[in-house]
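Take a look at the structure set out below.
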Amino acid sequence: MATNGAGRPRPRGSGFELYSWLFMRISGVLMLIFLLGHLYIMHIINSVEVVNYNFVAARWGTPLWRTWDLILLLLAALHGSNGLRILIDDYIHSHGWRVVALAVLYVLAIGFILGGSLVLFTFQPVAS
Amino acid sequence: MKVKLRIKRFNPQKDRKPYWQEFEVEAEKTDRVLDALHQIRWYQDGTLGFRRSCAHGICGSDAMLINGKNRLACKALFADLGDYVTVEPLRGLPVLKDLIVDMEPFFAAYRAVKPYLINNDQPPLKERLQSPEERARFDDTTKCILCAACTTSCPSFWVNRDYLGPAAIVNAHRFIFDSRDQAAEERLDILASRDGVWRCRTIFNCTDACPRGIQVTKAIEEVKRAIMYAKV
Ligand code: SF4
Ligand code: FES
């Protein structure tokens, strides 16, 4: 920590950490609702045996379910990667390693979101 | 009764690593750990290093890790601790010698939140008036004695020493919610930074540790909320 006789430098203020903190709370609650809904539909209303390619394909025939899954994907990926970002900030103190870890994290997060969205938006059911 | 103290010792001029040493002292149930430390320093081993000043729980000099919990040695009774007591220096601050830690990082964080009244109005002829309700708003956080028990019990602080820590936030709270003070916004800005309140994960160790019974976690949450209402 950079300190001198006069004390530590004034911390950098920015709204980002506030919004990150708020997002974690809101996305947590939303995910609880969406995930419980997802679990209820996939595992309780429908038995696991009927959940197969055709089931998912039929489900994705409606924009409602694609939107539902897109929201889940975004919330989970952003919530998870933001949590990891904070962990990296906390635990990795060497500047170099922190940059490396964050870079890997961002690439993975963006990869997951892009890959998932690509499937969600372009999926065309094929009869099987 | 006889009590055994297991003390973590370290002399940077001699030792490469801290080591444990046991002492046996005669003590009453109503004696405090500080009394036993005095016994040791005065009659058994004059090299034992620890800080204390008031010996009555008000100066905040002698916070240490006693039986795994941060407490003031001058308030920890053997009646509550039993006859085998471990004593270690506070965690998360560099050990200077035995039970003495370097408090400078702690006070640097304290100074960073501007823990003094800021009011640019003409000073009134008499005192600055405040209603009992306005005074009650920050009563809890006026009780802080800057012992560092809270900050050094915080896992977020252990892993990230840049975190300003609970004590700094408590002392910012004391002025942020003081109706006579005018720099709340500036302090909220400082605490909204990366190393401010968002590093708090509501673990509640600080509240547990505070020898003054301050609701530390609650004060931190109040500051978070104040930042949120000010900006969102
Ligand atoms: S809030 Fe309590 S534990 Fe923390 S420094 Fe003040 S008196 Fe000590
Ligand atoms: S010696 Fe002053 S608080 Fe314990």
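Throughout, a chain's letter reflects where its sequence line sits, starting with A, and its residues are numbered from 1.
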For the CG atom of B:Asp162 and the NE2 atom of A:His93, what is their distance to the nearest 0.5 Å?
8.0 Å
With rounding to the nearest 0.5 Å, note down the distance linking CG in B:Leu191 to CD in A:Glu17.
13.0 Å
Just checking A:Arg25: does its CZ atom have more than 12 heavy atoms from other residues, nucleotides or ligands closer to it than 6.0 angstrom?
yes
Would you say B:Phe107 has more than 12 foreign heavy atoms packed within less than 6.0 Å of its CZ?
yes
So A:Phe16 and B:Arg194, do their side chains get closer than 4.5 Å, heavy atoms only?
no
Side-chain touch B:Arg201/A:Ile86, heavy atoms, less than 4.5 angstrom
yes
As a test of understanding, state which of A:Asp89, A:Ile92, A:Asp90, A:Leu87 forms a side-chain contact (heavy atoms from CB on, under 4.5 Å) with B:Val159.
A:Asp90
Could you go step by step and tell me if A:Leu22 and B:Lys224 meet the side-chain contact (heavy atoms from CB on, under 4.5 Å) rule?
CA-CA 10 Å; A:Leu22 249 186; B:Lys224 284 182 191 166; over 6 Å; no
Considering all heavy atoms of both residues, which atom of A:Leu18 and which atom of B:Lys231 are nearest to each other, and what is their separation?
CD2-CB, 3.5 Å
Heavy-atom neighbours of B:Glu185 CD exceed 12 at 6.0 Å
no
As an exercise, state the distance from CZ of B:Arg199 to CH2 of A:Trp21, rounded to the nearest 0.5 Å.
14.5 Å
Check the surroundings of atom CH2 in A:Trp97: do more than 12 heavy atoms from other residues, nucleotides or ligands lie under 6.0 Å from it?
no
Any chance OH of A:Tyr40 has more than 12 other-residue heavy atoms, nucleotides or ligands included, within less than 6.0 Å?
no
Tell me, yes or no, whether the heavy-atom count around A:Tyr91 atom OH, taken from other residues, nucleotides or ligands under 6.0 Å, exceeds 12.
no
